[in-house]
> 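Take a look at the following structure, please.
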Amino acid sequence: MRVFIDTNVLISAALNPDSVPFHAYVKATSYPNHGIICEQNIDEMRRIFKKKLPNKLTSLERFLEIALLTLDLVPVPTEEQSAEKQIRDVADRTLFRAAFVAGADIIVTGDKDLLESGIDDPKIMTPAEFIGSV
């Protein structure tokens, strides 16, 4: 399965290796799954860490160095997808677009705007749901 990992899951995974998001990240990047992120994920992570966790920037960069060895980094397409209009938060639409165009089967996120969008292709799951899935 191709699994797109949302920024909030990546941040939690980077901060706490004992967390459910970290275990979801590991599952998403382990055979037979294939993890995907986009350039916007990295930009958001760096922006959030600089603003809220500046003392953890080195840890973030170390996490990204390792993560980018196993993740596909895809661009964010400019052409809108019709399904993205179901997502309340306009900022989340670009992440959905990247996942959709990259052929993701699943988006793993804790974001309510994505989880409550009603979109089923790709399937949108919480980290706990993803861990419990086959």
Side-chain angles (χ1 to χ4, degrees):
M1 295 236 165
R2 293 181 56 77
V3 183
F4 187 90
I5 308 167
D6 196 4
T7 307
N8 56 62
V9 176
L10 291 167
I11 289 172
S12 294
L15 291 172
N16 187 353
D18 294 324
S19 67
V20 170
F22 181 80
H23 292 291
Y25 162 79
V26 169
K27 181 177 179 178
T29 59
S30 299
Y31 182 83
N33 297 315
H34 195 84
I36 307 166
I37 63 171
C38 69
E39 296 151 347
Q40 183 177 329
N41 291 116
I42 294 172
D43 293 343
E44 281 183 330
M45 289 179 74
R46 286 182 173 140
R47 181 179 44 79
I48 290 167
F49 271 68
K50 281 179 186 173
K51 182 178 180 180
K52 297 182 179 182
L53 302 160
N55 60 328
K56 303 264 186 191
L57 275 168
T58 304
S59 296
L60 170 65
E61 293 304 326
R62 199 171 315 124
F63 175 82
L64 287 173
E65 282 178 27
I66 295 167
L68 291 171
L69 294 173
T70 58
L71 292 167
D72 271 354
L73 179 62
V74 300
V76 177
T78 55
E79 188 174 325
E80 292 182 10
Q81 300 297 314
S82 59
E84 72 184 67
K85 290 177 176 61
Q86 294 175 242
I87 302 169
R88 287 183 301 246
D89 186 351
V90 176
D92 291 330
R93 293 178 182 179
T94 52
L95 291 171
F96 168 80
R97 189 181 312 148
F100 184 83
V101 172
D105 299 295
I106 297 170
I107 297 173
V108 178
T109 184
D111 188 306
K112 285 190 177 239
D113 290 317
L114 287 168
L115 291 165
E116 296 174 357
S117 67
I119 294 172
D120 58 5
D121 184 24
K123 187 167 180 59
I124 302 174
M125 307 171 93
T126 66
E129 290 169 337
F130 178 64
I131 290 171
S133 69
V134 176

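The analysis underlying the following values was restricted to heavy atoms, covering all of them including side chains, and did not include hydrogens, waters or symmetry mates. Keep in mind the model is a prediction, meaning the values are calculated, not measured.
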> Look at the side chain of D6 and the backbone N and O of V108, then say whether any donor-acceptor pair between them is shorter than 3.5 Å.
no
> Report yes or no: does K27 contribute a side-chain atom to a donor-acceptor pair with the main-chain N or O of S133 at less than 3.5 Å?
yes
> Minimum heavy-atom separation for P122 and A104, please, with both atom names.
CB-O, 3.1 Å
> Locate the shortest heavy-atom distance separating D113 from I87; write the atom from each residue and the value.
O-CG2, 4.1 Å
> Can you tell me how far the CD1 atom of I5 sits from the CG atom of D72, to the nearest 0.5 Å?
10.5 Å
> If only atom types and distance count, is the side chain of E84 paired as donor or acceptor with the main-chain N or O of Q81 below 3.5 Å?
yes
> What are the two closest heavy atoms between A28 and F130, and how far apart are they?
N-CE2, 3.6 Å
> Salt bridge between D89 and K112, side-chain N to carboxylate O under 4.0 Å?
no
> With distance as the sole test, does N16 use its side chain to make a donor-acceptor pair with the main-chain N or O of A13 at under 3.5 Å?
no
> Judged by atom type as modelled, is there a donor-acceptor pair below 3.5 Å linking the side chain of E129 to the main-chain atoms of T126?
yes
> Applying side-chain hydrogen bond (donor to acceptor under 3.5 Å, both in side chains) to T94 and Q40, what does each step give before you reach the verdict?
CA-CA 8 Å; T94 52; Q40 183 177 329; 2.4 Å; yes
> Run the side-chain contact (heavy atoms from CB on, under 4.5 Å) check on I107 and M125 step by step: do they pass?
CA-CA 6 Å; I107 297 173; M125 307 171 93; over 6 Å; no
> Report the C-alpha distance between F63 and Y25 in whole Å, list the side-chain angles of each, state the deciding distance to 0.1 Å, and finish with yes or no for ring-ring contact (aromatic ring centres under 6.0 Å, His included).
CA-CA 12 Å; F63 175 82; Y25 162 79; 5.3 Å; yes
> So, R2 side chain and D105 main chain: donor-acceptor pair closer than 3.5 Å or not?
no
> Identify the heavy atoms of P77 and A98 that sit nearest to each other, and give their distance.
CD-CA, 3.7 Å
> Is there a side-chain contact (heavy atoms from CB on, under 4.5 Å) between E80 and R97? Walk through the geometry before answering.
CA-CA 7 Å; E80 292 182 10; R97 189 181 312 148; 3.5 Å; yes
